[in-house]
Amino acid sequence: MYAAPDRMHKPDNELVDLVFGYMRERLQYDPVPLDHPGDGAHLREALAGLLNDHGNNPADVLKLYDHELSRAVISADSPRYLSFIPCAPTKAALLFDMVVSCASLQGISWLEAAGAIAAENQVLRLIADRAGLPASAGGTFVSGGSAGNLSALVVARDTARRRLGVGPEARLRIAVADQVHSSVKNTFNIIGVEPLLVPAVDRRLTGPALRAALAADPHPETVIAVVGTAGTTNEGIIDDLAGIAEVARDHDLWFHVDGAYGGAGLFAPSIRDRYAGIEHADSFVVDPHKWLFAPFDCAALLYREPRLARAVHTQDASYLDVLHTEGDEWNPTDYAYHLTRRARGLPLWFSLAVHGVQAYTDAIEAGLRLARDTARLIRDTEHLELLHDPQLSAVCFRRKGWTHDDYYRWSRRLLADQIGFVTPTGWDGETVARFAFLHPGTTMETVEEILATMA
Ligand SMILES: *Cc1c(COP(=O)(O)O)cnc(C)c1O
């Protein structure tokens with residue numbers, strides 16, 4: 001005799017109360033504690049024997065998660081998390097993420113999920129409007145900037161192959177500056193294109209430098225696209241998008257803009273002019289899980305001419321034919337290399353609908369202001385040295401006299417003391433310190449507290 005095979009699928013109010021109770025508590029942390037790096041041996045011991053045949057008491061498993069596992073995760077949504085690019089979801093977005101999970105909301109095809117897709121597309125439209133993309137623009141939400149860059153550049157490659165009448169044997173190249181994100185370099189390896197490395201001017205890719213690189217190149221006809229970065233991850237520097245767009249037009253290049261981190265600045269009036277030229281992009285990526293306060297994992301991928309993406313990414317399988325017989329209804333799965341996808345744009349949609357766009361503008365501007373105030377304080381501090389005027393919310397700086405090891409020791413101690421998570425970074429081969437601001441709850445007092453530890 002088998003026990004009822006659907007016993008895991010029955011409503012279980014006790015379990016609901018247990019997990020909702022935990023979530024309620026987690027949502028009320030104010031501030032969210034940073035927590036700590038993990039110890040492999042300790043974690044393995046805590047987990048030993050857990051996945052057995054008969055299961056465990058849910059309260060015990062949740063307690064194990066709360067007391068052991070969650071404490072060994074540095075909280076990206078802590079206002080003291082100032083490394084890499086933090087993640088600071090709004091409460092509304094976090095809560096709606098649970099709804100997406102609870103309802104098993106997918107967003108593959110119009111046939112299956114029209115309601116979810118209509119809402120996701122409303123958000124994509126808002127972003128496209130901010131970028132100045134035409135009414136024809138559209139796309140989908142993917143898991144991150146890396147997936148977005150890959151999906152877009154495959155379309156660039158295959159569109160060029162068709163235009164040039166060449167096959168996979170032809171050597172194709174994409175112009176980039178050295179500061180381009182590592183995921184773009186990875187993409188080149190995956191899709192078999194080579195970089196045309198354009199020397200940066202003041203750490204930016206500029207139109208004139210791109211034009212000169214093409215003029216000096218013996219085979220400019222093999223260059224089929226250019227990637228501009230709207231906010232480098234390390235320094236928050238925005239390329240000369242208008243200049244790049246002009247050269248792209250003259251040379252028939254696909255113009256991709258990687259705004260995974262900085263694209264959110266389109267919503268910030270104080271810096272909007274730095275994005276001039278983005279309206280000419282053939283494809284554009286921005287990560288709402290970075291600076292648009294959505295939970296992981298959420299990237300918006302937009303194409304100027306979505307039909308070009310559809311021609312490349314639509315999967316051909318007899319069991320999918322039913323999806324593609326309904327004329328122009330929107331199938332998000334056709335705009336990236338995925339098939340099954342979570343309706344991951346909905347948490348952002350809900351939060352935008354609840355709070356309004358101005359609340360986003362205010363929160364983004366707060367990060368920009370904090371970066372400017374921090375830069376000023378660093379400039380005014382004798383033993384510190386600012387490495388660049390912040391354009392976005394990243395600030396790189398030097399502690400005069402410190403070695404590589406000094407930065408690493410300092411960073412570890414800051415985390416151990418739960419004062420901040422601030423990891424060192426590289427600047428022209430030198431180890432330096434860097435803040436990435438994003439959480440609107442990060443205060444100047446926290447910055448001062450951290451800088452005081454460098455005295
Ligand atoms: C973060 C980032 C990426 C990668 O995005 P993921 O969401 O981590 O995949 C790509 N480009 C830039 C400029 C980024 O900042």
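Atoms within a ligand are numbered from 1 in the order they appear, just like the ligands themselves.
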Neighbour list for ligand 1 [protein residues, heavy atom under 4.0 Å]: Gly144, Gly145, Ser146, Asn149, His181, Ser183, Gly231, Thr233, Asp258, Ala260, Tyr261, Asp287, His289, Lys290

Donor on one side chain, acceptor on other, Thr333 and Gln315, under 3.5 Å: no

Residue of the set Asp428, Asp178, Asn234 for which side chain to side chain donor-acceptor pair (under 3.5 Å) holds with Arg203: Asp428

Pair Asp158 + Arg162, salt bridge at N-O below 4.0 Å: no

Asp406 side chain to Thr403 side chain, donor-acceptor N/O pair below 3.5 angstrom: yes

Ion pair check, Arg379 and Asp389, cut-off under 4.0 Å: yes

Sequence-distant partners of Arg171, side-chain hydrogen bond (donor to acceptor under 3.5 Å, both in side chains), two or more places apart: Glu194

